[in-house]
Engineer: 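A single structure is presented below for examination.
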Amino acid sequence: MEARSNVVSSFTIVKGALIPQTYAVFRGWDDTLSKAENLKRARLENTMGATSANWALNVGKVLNRRFDPAGRDRALVDLAKAGCEAEVWKPLLLYHMTRDEFLVRDFLVNWLYPQFIGGAYRLRAEDVMPYLQGLTKKKGIDWSGHWSESTSERVASGLLRIAADFGLLQGLQARDFASYHLPEQSFLYLLHAMMEHEANARRVIDAEDWRMYLMEAADVERELLRLHQFRKLHYEVAGSLAQIKLPAASAADYVKELC
């Protein structure tokens with residue numbers, strides 16, 4: 001799958017998070033077929049519940065861009081096929097889709113989280129526009145740098161809608177921060193996934209990815225201490241040094257436990 005971790009795309013943002021559609025397609029995934037064949041079958045059988053053939057085609061295009069079901073994103077397929085609870089599965093979907101969905105991750109980490117910490121109230125699409133205009137200053141991204149005003153407005157609304165779909169915001173035209181709590185099983189999966197890429201426990205605790213769930217390092221440490229108390233993992237901390245021993249050897253092994 002071609003890496004898109006630095007690509008800025010309005011198309012996928014405007015189409016939205018597509019949470020129930022993604023879950024439905026992955027739940028019916030056939031491992032004997034290719035990704036293209038699975039997406040075609042899902043479109044023809046309309047397992048995603050599309051209201052038109054054009055919408056089904058667009059959903060397929062978004063899923064094709066976002067996910068690698070046979071590789072990096074296999075956990076989402078296995079959990080959906082096992083009937084994983086939606087509230088546990090959704091945060092994992094957010095983590096996986098932001099490995100290549102640059103704009104969603106950057107928006108959550110570098111705009112929405114600071115708004116949350118700063119006590120922002122009543123977020124609207126126009127509040128997001130300065131963030132989008134500032135994208136031209138970011139280095140290393142793949143973007144033409146040219147959107148019409150109407151496209152920018154649709155992207156701004158789309159980013160807020162995606163945050164609401166994942167339970168971080170509530171409301172319609174004006175969005176407020178919701179009382180969000182990352183489910184325990186989701187938290188444990190994310191720990192496994194992060195530590196596969198970063199063995200240093202302190203860096204995992206301080207990772208920016210937690211900001212996507214409106215969590216800071218202190219929140220992560222509190223959850224680690226709670227889970228340690230209930231013997232669901234082992235956590236030791238001494239000054240700036242930390243050690244985490246997880247219940248499974250890998251994220252894939254933890255998925256097997258969840259399934």
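Computed from a predicted structure; not experimentally measured.
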Engineer: Taking 4.0 angstrom as the limit, do Asp127 and Arg175 come out as a salt bridge?
Structural biologist: no

Engineer: Any idea how Tyr23 and Trp89 line up, ring-wise: parallel (<30°), tilted (30 to 60°), or perpendicular (>60°)?
Structural biologist: perpendicular

Engineer: Determine, for Glu223 against Arg226, whether the closest basic-nitrogen to carboxylate-oxygen distance falls under 4.0 angstrom.
Structural biologist: yes

Engineer: Given 3.5 Å as the limit, does a donor-acceptor pair link the side chain of Ser186 with the main chain of Val88, or not?
Structural biologist: yes

Engineer: Evaluate side-chain contact (heavy atoms from CB on, under 4.5 Å) for Arg122 paired with Asp176, printing each intermediate quantity in order.
Structural biologist: CA-CA 5 Å; Arg122 289 285 193 272; Asp176 300 324; 2.4 Å; yes

Engineer: Please answer: with hydrophobic residues joined when any side-chain heavy atoms are less than 4.5 Å apart, are Phe67 and Leu33 in the same cluster?
Structural biologist: no

Engineer: Relative to the ring of Trp111, is the ring of Phe107 parallel (under 30°), tilted (30 to 60°) or perpendicular (over 60°)?
Structural biologist: parallel

Engineer: In terms of heavy-atom contacts, does CG of Leu172 have more than 12 from other residues, nucleotides or ligands at under 6.0 Å?
Structural biologist: no

Engineer: Would you say the side chains of Asp106 and Tyr131 form a donor-acceptor pair under 3.5 Å?
Structural biologist: yes

Engineer: Please tell me if the side chains of Leu182 and Asp219 come closer than 4.5 Å, counting only heavy atoms from C-beta onward.
Structural biologist: no

Engineer: Assess the residue pair Trp55 and Gln21 against the criterion (side-chain contact (heavy atoms from CB on, under 4.5 Å)); give the C-alpha distance rounded to whole Å, side-chain angles, the decisive distance to 0.1 Å, and a yes or no.
Structural biologist: CA-CA 11 Å; Trp55 178 241; Gln21 293 89 345; 4.3 Å; yes

Engineer: I need the Asp73 CG to Thr22 OG1 distance, nearest 0.5 Å.
Structural biologist: 10.5 Å

Engineer: Compare all side-chain heavy atoms of Pro247 with those of His192 and state whether any distance is below 4.5 angstrom.
Structural biologist: yes

Engineer: Passes side-chain contact (heavy atoms from CB on, under 4.5 Å), Met97 versus Phe166? Steps please.
Structural biologist: CA-CA 12 Å; Met97 69 182 274; Phe166 281 104; 3.7 Å; yes

Engineer: Is there side-chain contact between Glu37 and Lys40, with heavy atoms separated by less than 4.5 Å?
Structural biologist: no

Engineer: Below 4.0 angstrom, N of the basic side chain to O of the carboxylate: do Arg202 and Glu221 qualify?
Structural biologist: yes

Engineer: Sub-3.5 Å donor-acceptor pair from the side chain of Glu196 to the main-chain atoms of Ala251, do we have one?
Structural biologist: yes

Engineer: Can you check whether Leu57 reaches Lys61 side chain to side chain, under 4.5 Å on heavy atoms?
Structural biologist: yes

Engineer: Would you call Asp100-Arg72 a salt bridge at under 4.0 Å N-O?
Structural biologist: yes

Engineer: Counting distance only, does the side-chain N/O of Lys35 pair as donor-acceptor with the main-chain N or O of Asp68 below 3.5 Å?
Structural biologist: no

Engineer: Counting only heavy atoms not in Glu126 (residues, nucleotides, ligands), do more than 12 fall under 6.0 Å from its CD?
Structural biologist: yes

Engineer: So, does Tyr213 use its side chain to make a donor-acceptor pair with the main chain of Pro91 at under 3.5 Å?
Structural biologist: yes

Engineer: Compare every heavy atom of Ala75 with every heavy atom of His96, then report the nearest pair and how far apart it is.
Structural biologist: NE2-CB, 4.3 Å

Engineer: Taking the basic N atoms (NZ, or NE/NH1/NH2) and the acidic carboxylate oxygens, is any pair closer than 4.0 Å for Asp78 and Lys81?
Structural biologist: no

Engineer: Kindly compute the distance separating CG (Leu63) from CZ (Arg66), expressed to the nearest 0.5 Å.
Structural biologist: 7.5 Å

Engineer: Is it the case that over 12 heavy atoms from other parts of the model lie below 6.0 angstrom from the CD atom of Glu85?
Structural biologist: no

Engineer: Roughly how far, to the nearest 0.5 Å, is the CG atom of Leu246 from the OH atom of Tyr254?
Structural biologist: 9.5 Å

Engineer: Are any non-hydrogen side-chain atoms of Phe177 and Leu169 less than 4.5 angstrom apart?
Structural biologist: yes

Engineer: Is the backbone of Arg203 close enough, under 3.5 Å, to the side chain of Asn200 for a donor and an acceptor to pair up by distance?
Structural biologist: yes

Engineer: Determine the minimum heavy-atom distance between Ile141 and Lys138, stating which atoms define it.
Structural biologist: CG1-O, 3.9 Å

Engineer: Of the non-hydrogen atoms in Tyr235 and Ala242, which two are nearest, and what is the gap between them?
Structural biologist: CE1-CB, 4.1 Å

Engineer: Indicate the atoms forming the closest heavy-atom contact of Ala207 with Met194, along with that distance.
Structural biologist: CB-SD, 4.4 Å

Engineer: For the hydrophobic clusters of this structure (ILVMFWY residues joined by side-chain heavy atoms under 4.5 Å, transitively), does one cluster hold both Phe11 and Ile13?
Structural biologist: yes

Engineer: Answer whether the closest heavy-atom distance between the side chains of Met215 and Tyr180 falls below 4.5 Å.
Structural biologist: no

Engineer: Distance from Tyr189 atom OH to Leu258 atom CG, nearest 0.5 Å?
Structural biologist: 9.5 Å

Engineer: State, with a plain yes or no, whether a side-chain heavy atom of His228 is found less than 4.5 Å away from one of Leu233.
Structural biologist: yes

Engineer: Throw together a table of side-chain donor-acceptor distances under 3.5 angstrom for residues 152-161, partners on residues two or more places apart or in other chains.
Structural biologist:
from, atom 1, to, atom 2, distance (Å)
Ser152, OG, Ser148, O, 3.2
Ser157, OG, Glu153, O, 3.1
Arg161, NH2, Val14, O, 2.9

Engineer: Could you state the interatomic distance from CG (Leu108) to CD1 (Ile162), rounded to the nearest 0.5 Å?
Structural biologist: 8.0 Å

Engineer: Measuring from Lys15:NZ to Arg65:CZ, what's the distance to the nearest 0.5 Å?
Structural biologist: 10.0 Å

Engineer: Do NZ/NE/NH1/NH2 and the carboxylate oxygens of Asp209 and Arg105 come within less than 4.0 Å?
Structural biologist: yes

Engineer: Looking only at non-hydrogen atoms, find the nearest pair between Asn38 and Gly28 and report the distance.
Structural biologist: OD1-O, 4.3 Å

Engineer: Would you mind reporting whether Glu216 and Trp210 have side-chain heavy atoms less than 4.5 Å apart?
Structural biologist: no

Engineer: Looking only at heavy atoms, which two atoms of Val109 and Pro114 are closest? And how far apart?
Structural biologist: O-CD, 3.5 Å

